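Below you'll find the structure, written out as structure tokens, and then a few comments.
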Number of protein chains: 2
Amino acid sequence: MGKLREDLRQYEGCGLASALEAMGERWSFMILRAAFNGLKHFEEFQSELGIARNILAGRLARLVEHGILERTALDSDRRKIVYALTAKGMDLLPAMVALRQWGDKWCQGASTPVLVDSRDERPIRPVALQSHDGRTLDLAELRWKHAEELLELGRSSENAA
Amino acid sequence: MGKLREDLRQYEGCGLASALEAMGERWSFMILRAAFNGLKHFEEFQSELGIARNILAGRLARLVEHGILERTALDSDRRKIVYALTAKGMDLLPAMVALRQWGDKWCQGASTPVLVDSRDERPIRPVALQSHDGRTLDLAELRWKHAEELLELGRSSENAA
DNA sequence: TCATGTAGGTTGCGAATCACTACTTATCCT
DNA sequence: AGGATAAGTAGTGATTCGCAACCTACATGA
């Protein structure tokens, strides 16, 4: 299978491109969401999302390839394949929730199920950027810094790529 | 032009689907990232990302449609079009950073520019989910709650988020 | 003023991907 | 064995992507 299209990755040393390489295709995030909601089996994903079977098969395979889901056949019934989130997959939760909160806020809101802290049943905070000591940061309070600058704190250079 | 493919949205009252409707296509996030980095013009996006011109035109138009970018012609030179982030677009920053941090962490890491707090030049925290009072929440501490449940609770204690 | 350059697109076309439906394979149940 | 079920594959159009060439409005400057 020769890909003609180039990896997004090569244009940037940026993790965003790598993330999109793994999760950027249509349906990937919806599948992930379903997985977070406890769905485990092919037919469950298929009927929940209404996605075409071949596409679903492709996406699941890709997510497994990228280590986001793990594929196991059940011992009790070897027809049944379990797709389970790995640690890497679970670590996508903040990104997914951030995206979802944005959608709720700006696109006709009113999302039915809401994430709550199971301790007190209160909704979680909006995802935000925070300084090392926990202050919430605004866009104006941020800048890009290159790795070299972090290492050599003595000098200051002025650029953001 | 009739779209045969259905909106992701219809399958879920979920903001995630709406968000993907606006940002889920290839290149959209990379364009957004470039916009956050100060790029404003068609040719700048094109040469920075190496994206095909027609695709870029389509994406920019779509992002404008969705109110994520704003398109303005400069008075000083009316050939020049400025694409600027709107408030809605800027509000995608947490989601983008979360995605990027995930990519940095799990996919061959080492992302060159890093976001820092401009006040003390220290890198920002990893994006995480937090309870209403600021505790960082683990996946095990979360559950989904439906709107009706929240309303029922609200009957005794008068509040809605 | 008219040639020339520039910014921001559009068009045409082949390749790749998506989506819908039907078919297949392996396994379980009785 | 016969039928049902889970998880895919295969075939077929429609849609989108990616590349290069082309187009148009505006700006510049000799």
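The analysis underlying the following values was restricted to heavy atoms, covering all of them including side chains, and did not include hydrogens, waters or symmetry mates. In what follows, every chain begins at residue 1, and chains take the letters A, B, ... in the order their sequences are listed. Because the structure is predicted, anything quoted here is derived from the model rather than measured.
Residue B:Tyr83 is classed as a sugar-phosphate contact, given heavy-atom separations below 4.0 Å to backbone atoms only.
Contact of the B:Leu115 side chain with the B:Arg100 side chain is not registered, since no non-hydrogen atoms from C-beta on lie closer than 4.5 Å. With contacts defined as side-chain heavy-atom distances shorter than 4.5 Å, the pair A:Leu142/B:Val116 does not qualify. In this structure the side chain of A:Trp106 reaches within 4.5 angstrom of the side chain of B:Asp91, judged on heavy atoms.
The CD-P distance, from B:Glu44 to C:dG9, rounds to 13 Å in whole Å. The separation between A:Phe45 atom CZ and D:dA7 atom P is 10 Å, rounded to whole Å. Protein atom NE2 of A:His41 is 13 Å distant from nucleotide atom C1' of D:dT5, rounded to whole Å. A straight line from CD of A:Glu48 to C1' of D:dA6 spans 18 Å, rounded to a whole angstrom. Here the P atom of nucleotide D:dA7 and the CG atom of A:Leu39 are 11 Å apart, to the nearest Å. A:Gln46 has its CD atom 12 Å from the P atom of C:dA19, to the nearest Å. A:Glu25 has its CD atom 12 Å from the P atom of D:dC17, to the nearest Å. Here C:dC13 presents its P atom at 17 Å from CD1 of B:Ile55, a figure rounded to the nearest Å.
In this structure, A:Arg125 has no salt bridge (charged side-chain N to carboxylate O under 4.0 Å, His left out) partners at least two apart in sequence or on a different chain. By the side chain to side chain contact (heavy atoms under 4.5 Å, CB included) test, A:Ala128 is found to be paired with A:Thr136, residues two or more places apart in sequence or in another chain being considered. Every residue meeting the side-chain hydrogen bond (donor to acceptor under 3.5 Å, both in side chains) condition with B:Arg135, not counting sequence neighbours, appears here in chain and number order: A:Asp117.
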Nucleotides 9-13 of chain D: which of its N/O atoms have a protein N/O under 3.5 Å away?
| unit_1 | atom_1 | unit_2 | atom_2 | d |
| --- | --- | --- | --- | --- |
| D:dG11 | O6 | A:Asn54 | ND2 | 3.4 |

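The distance from atom CZ of A:Arg33 to atom CG of A:Leu49, rounded to the nearest 0.5 Å, is 9.0 Å. Distance CD/A:Glu70 to CG/A:Leu85: 10.5 Å, rounded to 0.5 Å.
In terms of phosphate contacts, B:Arg59 brings a side-chain nitrogen or oxygen within less than 4.0 Å of OP1 or OP2 of D:dC17. Considering only side-chain N and O atoms, B:Trp27 lies under 4.0 angstrom from the phosphate OP1 or OP2 of D:dG18.
Looking at residues 74-82 of chain B, you'll see B:Asp77, B:Arg78, B:Arg79 sit with a heavy atom under 4.0 Å from some atom of DNA chain D.
Residue pairs that meet the side-chain hydrogen bond (donor to acceptor under 3.5 Å, both in side chains) test with at least one member in residues 78-89 of chain B, sequence neighbours left out, are B:Asp77-B:Arg79.
Listed nucleotides: D:dC17, D:dA7, C:dC20. Nearest to the side chain of A:Ala52: C:dC20.
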